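Letters go in sequence order (proteins before strands), and every chain restarts at 1. Note that the coordinates shown come from a computational prediction; the quantities given were computed from them, not determined experimentally.
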Number of protein chains: 2
Amino acid sequence: MDKAINPEKDGSENLSAQIYADLRLKLIVGELRPAESLSIRTLAEKYNVSAMPVREALRQLASENALIGVAKKAYRVPDLTSDEAANLFFLRAVLEGAAAEVAVANIKEADFTLLSRFVDDMEKTWAKRDCSAFLLSNFHFHRHVYSLTGNGALQDMIEALYVRTGPWLALGIVNLENPDHWMGEHPEIIAALRAGDAAEARRLTEEDARWGMQLYRELG
Amino acid sequence: MDKAINPEKDGSENLSAQIYADLRLKLIVGELRPAESLSIRTLAEKYNVSAMPVREALRQLASENALIGVAKKAYRVPDLTSDEAANLFFLRAVLEGAAAEVAVANIKEADFTLLSRFVDDMEKTWAKRDCSAFLLSNFHFHRHVYSLTGNGALQDMIEALYVRTGPWLALGIVNLENPDHWMGEHPEIIAALRAGDAAEARRLTEEDARWGMQLYRELG
DNA sequence: GTGCTTAAACTGTGATCACAGAATCACTCA
DNA sequence: TGAGTGATTCTGTGATCACAGTTTAAGCAC
């Protein structure tokens, strides 16, 4: 299975955007590991395009710190220190907390069925130890919540955080010793949203954002 | 005075980054107006470089919504609707509020003299109706506060908001009817920081972030 | 076997060209 | 006078090449 891009069918108008989106998703679901290096020419070959669109996609990701780009050196997936990771999860707590608070006002019945389905997916994929699929379900759940704010800028910022924490989370999950220690607060978040309890939705969401940090501590 | 870039002396390692930084600052201080269009080739000529570094800088700015980039159409400075502006200022309130709260713990005496100087600059430049210089001083003040958090990701995110609101603020300021209506909360913020009152620092910072919105309402 | 040197392979970066779509402006015809 | 239409100019996009650092690996000396 090659990663070849089809310029005709894909919605995006230019190749750079497609490659950018593809790599971005791979980061979110942890398909790219920390410290992994990405070469423009190698990727260009995989995507079956020239180097040009790839370099723009990589530079774009580097500009939002989703990748590290040093001049004349290969782009790399950041290998976060615990401090850096803590900073990112703090931001997720702040932004997603605020988002959950706002979302309460806009949520509808159809949203709950969707959110519940995402939680089901998370449980299934967690049981199968399918790290990428789990992180994708987790992302879908949270994205649906913060998309209810209708604040596009807020959504973009939170999403950028998922891109940056993805590889780090994936590494933490695969190295987890006791996989039964499943800490999702997601059902409780749904309950709080249904109850219209904005403060509780915020508190639970903030707590969930710190789950990633606990992953780290368990590793020592 | 041309904008020519000097690859030797500038700290950045590549031209793209220098052009990116230059345009970014121009956006922050409102030197680029909403709906203004930026052409790759024109900018390349001004900076005295080829089109390549410019296109990467523009794409990068577009990726963080500091510019609008539609395929095959000229890049433009976004012309924010009032809703979009409200979203951005809401985010500034959330992030800068949280930052101020954290900053209280890390602030030192030397910081107060710096902050006071920025406030002086703001008053002077406001009196002279020098919009760009005023926005720069304002930016310096806020940047110094949120840089005290030591959270690099947080700093980047807030800064990205200043890039996006800059052109819009500049337009609001120059169209302001009663220039005496000066609404800075900055001296009070300094006082709250000095008193170690994190909650008050947060409240005042949040209030200050909404100042931009009031600008808009005054215009009708 | 170990350490140093050197050469080859690989890295991003910048410039230049070809191309296709968008916008603009002048011209024509009603 | 006005609307339609054509060509010209301008737009970003992608490919290809040359170049200069960086990294890697092989080879040589000790």
- [ ] Return no unless some side-chain N or O of Lys73(B) is found under 4.0 Å from OP1 or OP2 of dG21(C).
- [x]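 No, no such contact exists.
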
Task: Phosphate OP1/OP2 of dG14(C): any Ser50(B) side-chain N/O under 4.0 Å - done: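 Indeed not, no polar side-chain atom of Ser50(B) lies that close.
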
Open item on the list: Under the rule for side-chain contact (heavy atoms from CB on, under 4.5 Å), what residues qualify as partners of Ala133(A), not counting sequence neighbours?
Closed with: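 For Ala133(A) the side-chain contact (heavy atoms from CB on, under 4.5 Å) partners, ignoring immediate neighbours, are Thr125(A), Asp130(A).
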
- [ ] Please list, chain by chain and in numerical order, all residues satisfying side-chain contact (heavy atoms from CB on, under 4.5 Å) with Glu207(B), sequence neighbours excluded.
- [x]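 Residues passing side-chain contact (heavy atoms from CB on, under 4.5 Å) with Glu207(B): Glu185(B), Arg203(B).
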
- [ ] Let me know, please, whether Glu56(A) or Ala71(A) comes out on the 5' side of the other along DNA chain D by nearest nucleotide.
- [x]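 Looking at the nearest nucleotide for each, Glu56(A) comes out on the 5' side.
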
TODO: Please work out which of the three classes, parallel, tilted or perpendicular, describes the rings of His140(B) and Phe118(B), given edges at 30° and 60°.
DONE: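 Correct class here is tilted.
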
- [ ] Classify the ring geometry between His142(B) and His186(B) as parallel (under 30°), tilted (30 to 60°) or perpendicular (over 60°).
- [x]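 Ring orientation, 0 to 90° scale: perpendicular.
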
Between [N] atom [atom2] and [X] atom [atom1], what is the distance in whole Å?
{"X": "Glu45(B)", "N": "dT16(C)", "atom1": "CD", "atom2": "P", "value": "13 Å"}
{"X": "Met52(B)", "N": "dT16(C)", "atom1": "CE", "atom2": "C1'", "value": "8 Å"}
{"X": "Arg55(B)", "N": "dC17(C)", "atom1": "CZ", "atom2": "C1'", "value": "12 Å"}
{"X": "Arg76(B)", "N": "dA22(C)", "atom1": "CZ", "atom2": "C1'", "value": "13 Å"}
{"X": "Asn14(B)", "N": "dG12(C)", "atom1": "CG", "atom2": "P", "value": "13 Å"}
{"X": "Tyr47(A)", "N": "dA15(D)", "atom1": "OH", "atom2": "C1'", "value": "19 Å"}
{"X": "Arg41(B)", "N": "dA22(C)", "atom1": "CZ", "atom2": "C1'", "value": "13 Å"}
{"X": "Tyr75(B)", "N": "dA23(C)", "atom1": "OH", "atom2": "P", "value": "15 Å"}

Open item on the list: Please determine whether the number of non-hydrogen atoms from other residues, nucleotides or ligands lying under 6.0 Å from atom CZ of Arg33(A) exceeds 12.
Closed with: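 Enclosed: over 12 neighbouring heavy atoms sit under 6.0 Å from CZ of Arg33(A).
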
Open item on the list: For the CD atom on Glu45(B), are there more than 12 heavy atoms of other groups (residues, nucleotides or ligands in this structure) within a distance under 6.0 Å?
Closed with: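 Counting other residues, nucleotides and ligands, CD of Glu45(B) stays at 12 neighbours or fewer.
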
Open item on the list: Can you give me the closest heavy-atom contact between Ala62(A) and Gly69(A), atom names plus distance?
Closed with: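 Looking at all heavy atoms of both residues, the shortest contact is CB-N, 4.2 Å.
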
Open item on the list: Please list, in numerical order, the residues of residues 58-67 of chain B that have a heavy atom closer than 4.0 Å to any atom of DNA chain C.
Closed with: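 Contacting residues: none.
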
Open item on the list: Assuming nearest nucleotide by heavy-atom distance, tell me which of Pro53(B) and Val70(A) is located more 5' along DNA chain C.
Closed with: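 Looking at the nearest nucleotide for each, Val70(A) comes out on the 5' side.
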
Open item on the list: From C-beta outward on Leu15(A), which listed nucleotide comes closest to its side chain: dT11(D), dT13(C), dG14(D)?
Closed with: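 Of the candidates, dG14(D) comes closest.
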
TODO: Give the nucleotide from the list dG12(C), dA15(D), dA22(C) with an atom nearest to the side chain of Val49(A).
DONE: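 The closest nucleotide is dA15(D).
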
TODO: Look at all strands and tell whether Ser16(A) reaches a base, only sugar-phosphate, or nothing, counting heavy atoms closer than 4.0 Å.
DONE: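 Counting heavy atoms under 4.0 Å across all strands, the contact made by Ser16(A) is with sugar-phosphate only.
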
